[in-house]
S.K.: 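The structure follows.
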Amino acid sequence: MKIEAPRGTHDIIPAEQPLWQRVTGEMERLCALSGYRRIQTPVFEETDLFQRTSGAGSDVVQKEMYTFTDRSDRSLTLRPEATAPICRAYLTHGLQQEPQPQKLFTIAPMYRYGRPGRGRYREHWQLSVEAIGSDDPALDAELIHLFDTLLRTLAVTEYELKLNSIGDPNCRPAYVEKLSAWLAGRASELDSDTRGKLRTSPLRALDNLEAKPPGVQEVLRAAPALGDSLCAACVEHFAAVRATLDALGVAYTLVPTLVRGLDYYTRTTWEFKGPLDGANSTISGGGRYDGLIEEIGGPPTPGVGFGAGIERLLLALEDAGGSAEPTAIDVFLAVEPDAPRELALRWLSELRAAGIAADTDYAGRSLKGQLTQAGRSGAHTTVIVGPTEAVLRRQGAKDEPLAHADVLGTLLG
RNA sequence: GUGGCGGUAGCUCAGUCGGUAGAGCUCCGGGUUGUGGUCCCGGUGGUCGCGGGUUCGAGUCCCGUCCGCCACCCCA
């Protein structure tokens, strides 16, 4: 039986690398421009890290984690997201002792078990950018602006930024209680789906309103709004985030029912929706997580960050007609059948040592085939190596006969 | 995880009523040409996703399974 890539995984083949490199290169450049430094964490962590931060009731923990025990019976989990691991690393290496905030980013694969589809993978890549150690609303805005800039730089223009504040431990619990009680009072008017949410994740009951039956929508619209229950500190913080976004010229839509899937979020939350229809249009999501570090045993430490799905960003880029130049070499050596190949191979080595990308034929091609291959390789210079001399062919120039002894000097000069 | 649609060459696809597998592109060779493009000729390439069933005979019909896509759920 033929072996295939595991369900929900995919190879990133050479033909796709230029576009990937353009995207990840742009990510690295923009992160560096704003003072974010790269960090890399293990592919797997102690299961407890994700259970405690994402929340035992979250979809990710309940049904999407790749959890296994190793040979020593430790419970380990392939990371479903990068924020918690980065916060763990922040603690592990005592980064709270260094100047705050610590501005960090990573580009890495994430793992979530779920039914795959277009733009939805069990192994997928994310850019994750985090600012840990400051509750300055300017950071929330900076991160949003950073991703907004990335999209613009890549010429992706069809997208929407959804923004909300979901409060903090001072104000949210009271609201959740109020909402639950209010909805419970009208439970008979709700559909089973919404009643289920009421039990597991009351905030989510208000989410995705448009998809619910009209009668249910009516009830939910009349429910108490989260925005009206925010404490003064959260109101002030959110106002500052919005004012900064306005100042930076970042357009957003306030979505009072926007709730994120992980328990660690506080205050600011946001999502970037891409141009593609369908359920997998979220290309980035993020928010503030002021209680996360404390949850995993650190001192009370604020933080804010986002994750962005690279495969989904690529779909958006494709939709916008984005492309990238294929990789090319500099010099191709076409070797005639009765020419001294060892000599050509030595030239190859010398060229490469001099930093010139050079290649030749290894497939026993005919001379015509080798020249075709030279064209494919993108080489601007081709050397046709004959038995006693060579012909130098530069793009757009006339052929130039050369003695073997002069080939290297001409190419290197 | 639930429901629906699909799977034939590396890619895009055709394959009639069930009768022993096809095209274009790609790739390789030859001719033409300005030694690479164009054009012409030829060739390589297949466990018809996999397994079972029905049948004299299955790419084709039936069941199962794997994978993909769409809609839910949820997200990146």
Side-chain angles (χ1 to χ4, degrees), chain A residues 1-10 13 15 54 57-64 79-83 107-129 147 162 191-194 196-197 200-201 204 207-208 211-212 258-262 265 269-274 276-287 305-316 332 334-336 361 363-386 390-399 401:
Chain A
M1 183 158 42
K2 199 159 64 174
I3 296 180
E4 297 179 332
R7 181 146 140 106
T9 68
H10 65 116
I13 61 178
S54 296
S58 67
D59 272 41
V60 166
V61 169
Q62 275 194 337
K63 52 186 200 189
E64 291 184 350
R79 61 173 169 228
E81 59 104 22
T83 300
I107 296 173
M110 306 297 155
Y111 301 85
R112 292 185 196 175
Y113 189 91
R115 192 148 163 174
R118 183 172 163 83
R120 171 172 305 217
Y121 296 95
R122 289 179 175 178
E123 180 187 64
H124 70 279
W125 288 74
Q126 280 189 31
L127 162 70
S128 190
V129 189
F147 190 71
K162 297 183 174 184
D191 58 336
S192 63
D193 177 58
T194 306
K197 296 270 173 57
T200 56
S201 172
R204 291 209 155 279
D207 202 14
N208 200 16
K212 295 178 192 285
L258 177 69
V259 176
R260 312 241 52 246
L262 307 175
Y265 284 112
T269 57
W270 70 87
E271 275 182 23
F272 281 85
K273 298 288 243 182
L276 268 63
D277 293 338
N280 301 338
S281 61
T282 303
I283 51 185
S284 174
F306 69 84
I310 296 184
E311 288 88 349
R312 289 190 183 176
L313 182 51
L314 251 42
L315 285 177
F332 190 93
V335 184
E336 291 184 32
D361 172 67
R365 286 187 181 85
S366 65
L367 187 59
K368 175 172 176 167
Q370 291 191 53
L371 291 172
T372 302
Q373 180 59 20
R376 277 194 291 248
S377 75
H380 51 74
T381 301
T382 301
V383 181
I384 300 160
V385 184
V391 172
L392 180 70
R393 177 172 295 175
R394 295 200 147 116
Q395 237 171 43
K398 232 171 69 178
D399 283 5

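So you know, we letter chains A, B, ... as the sequences are listed, proteins then strands, and number each from 1.
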S.K.: Is the backbone of A:Gln62 close enough, under 3.5 Å, to the side chain of A:Asp59 for a donor and an acceptor to pair up by distance?
M.R.: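 Side chain of A:Asp59 to backbone of A:Gln62, a donor-acceptor pair under 3.5 Å: no, none is there.
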S.K.: Figure out the CD/C1' separation between A:Gln62 and B:C74, and round it to whole Å.
M.R.: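 Taking CD of A:Gln62 and C1' of B:C74, I get 11 Å after rounding.
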S.K.: Which residues satisfy the side chain to side chain contact (heavy atoms under 4.5 Å, CB included) test with A:Ser377, sequence neighbours excluded?
M.R.: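 Result, side chain to side chain contact (heavy atoms under 4.5 Å, CB included) vs A:Ser377: A:Ile329, A:Phe332, A:Ala379.
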S.K.: When you measure from the side chain of A:Thr282 to the backbone of A:Lys273, do you find a donor-acceptor pair of N or O atoms at a distance under 3.5 Å?
M.R.: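 No; zero donor-acceptor contacts below 3.5 Å.
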S.K.: For the backbone of A:Thr372 and the side chain of A:Arg365, can you confirm whether one donor and one acceptor N or O come within less than 3.5 Å of each other?
M.R.: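 Not a single qualifying donor-acceptor pair exists.
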S.K.: Has the side chain of A:Asn280 got a donor or acceptor atom that lies under 3.5 Å from a matching backbone atom of A:Arg118?
M.R.: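 Yes; judged by distance alone, with no hydrogens or angles, the pair exists.
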S.K.: Taking atom P in both B:G45 and B:A21, what distance in whole Å separates the two?
M.R.: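 Pairwise P distance, B:G45 against B:A21, rounds to 15 Å.
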S.K.: Mind checking the P distance from B:U32 to B:C69? Whole angstroms is fine.
M.R.: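 Approximately 48 Å lies between the P atom of B:U32 and that of B:C69.
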S.K.: Got a salt bridge between A:Arg260 and A:Glu271, using NZ or NE/NH1/NH2 to carboxylate O under 4.0 Å?
M.R.: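 Looking at A:Arg260 and A:Glu271, the cut-off is met.
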S.K.: Give me the distance, rounded to whole Å, that separates B:C5 from B:A76 when you measure between the P atoms they each carry.
M.R.: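 The same atom, P, in both gives a distance of 31 Å.
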S.K.: Rounded to whole Å, how long is the line connecting atom CG of A:Asp59 with atom P of B:C74?
M.R.: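 So the CG-P distance, A:Asp59 to B:C74, works out to 7 Å.
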S.K.: When the P atoms of B:G59 and B:G52 are considered, how many whole Å apart are they?
M.R.: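 About 14 Å, rounded to a whole number of Å.
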S.K.: Without decimals, in angstroms, what is the distance between A:Trp270 CH2 and B:C75 C1'?
M.R.: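 Roughly 16 Å, once rounded to whole Å.
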S.K.: In whole Å, what separates the C1' atom of B:A58 from that of B:U12?
M.R.: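 Straight-line distance between the two C1' atoms is 25 Å.
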S.K.: Between the protein and nucleotides 66-69 of chain B, which nitrogen or oxygen pairs are less than 3.5 angstrom apart?
M.R.:
{"unit_1": "B:G68", "atom_1": "OP1", "unit_2": "A:Gly8", "atom_2": "N", "d": "2.9"}
{"unit_1": "B:G68", "atom_1": "OP2", "unit_2": "A:Arg7", "atom_2": "NH1", "d": "2.8"}

S.K.: Can you tell me how far C1' in B:U20 sits from the matching atom in B:C48, rounded to whole Å?
M.R.: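 Approximately 13 Å lies between the C1' atom of B:U20 and that of B:C48.
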S.K.: Which stems does RNA chain B form, counting runs of 3 or more consecutive Watson-Crick or G-U wobble pairs with both distances under 3.5 Å?
M.R.: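 Only these stems qualify: B:1-7 with B:66-72, B:10-13 with B:22-25, B:27-31 with B:39-43, B:49-53 with B:61-65.
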S.K.: For nucleotides B:G10 and B:C73, find the distance between their P atoms and express it as a whole number of Å.
M.R.: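 Approximately 38 Å lies between the P atom of B:G10 and that of B:C73.
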S.K.: Could you check whether any side-chain heavy atom of A:Glu336 comes within less than 4.5 Å of a side-chain heavy atom of A:Ile384, counting everything from C-beta outward?
M.R.: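 They are in contact (side-chain heavy atoms under 4.5 Å apart), so the answer is yes.
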S.K.: C1' atom, B:C17 versus B:C61: distance in rounded Å?
M.R.: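 My reading of the C1' atoms in B:C17 and B:C61 gives 12 Å.
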S.K.: Shorter than 3.5 Å, N or O on both sides, protein versus nucleotides 8-13 of chain B: list them out with atom names.
M.R.:
none

S.K.: For the residue pair A:Arg122 and A:Tyr111, would you count it as a cation-pi contact if the rule is NZ or CZ under 6.0 angstrom from the ring centre and within 45 degrees of the ring axis?
M.R.: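 No cation-pi geometry.
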S.K.: Hey, does A:Phe306 reach any base, or is it just sugar-phosphate, or nothing, if we go heavy atoms under 4.0 Å?
M.R.: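 The residue A:Phe306 makes no contact with any strand.
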S.K.: How does each nucleotide of nucleotides 26-39 of chain B score, in 5' to 3' order, for protein heavy atoms under 4.0 Å: base (B), sugar-phosphate only (S), or none (-)?
M.R.: -SSSSBB--BBS--
S.K.: Can you tell me if A:Glu311 uses its side chain to pair, donor with acceptor, with the backbone of A:Trp125 under 3.5 Å?
M.R.: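 Indeed, once roles are kept as given, a pair shorter than 3.5 Å links the two residues.
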S.K.: Which residues pass the side-chain hydrogen bond (donor to acceptor under 3.5 Å, both in side chains) test with A:Ser128, sequence neighbours left out?
M.R.: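 So A:Ser128 forms a side-chain hydrogen bond (donor to acceptor under 3.5 Å, both in side chains) with A:Glu130.
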S.K.: What is the distance from NZ of A:Lys63 to P of B:C74, rounded to the nearest Å?
M.R.: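 So the NZ-P distance, A:Lys63 to B:C74, works out to 7 Å.
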S.K.: Side-chain donor-acceptor pair under 3.5 Å between A:Glu123 and A:His10, yes or no?
M.R.: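 Absent: no donor and acceptor within the cut-off.
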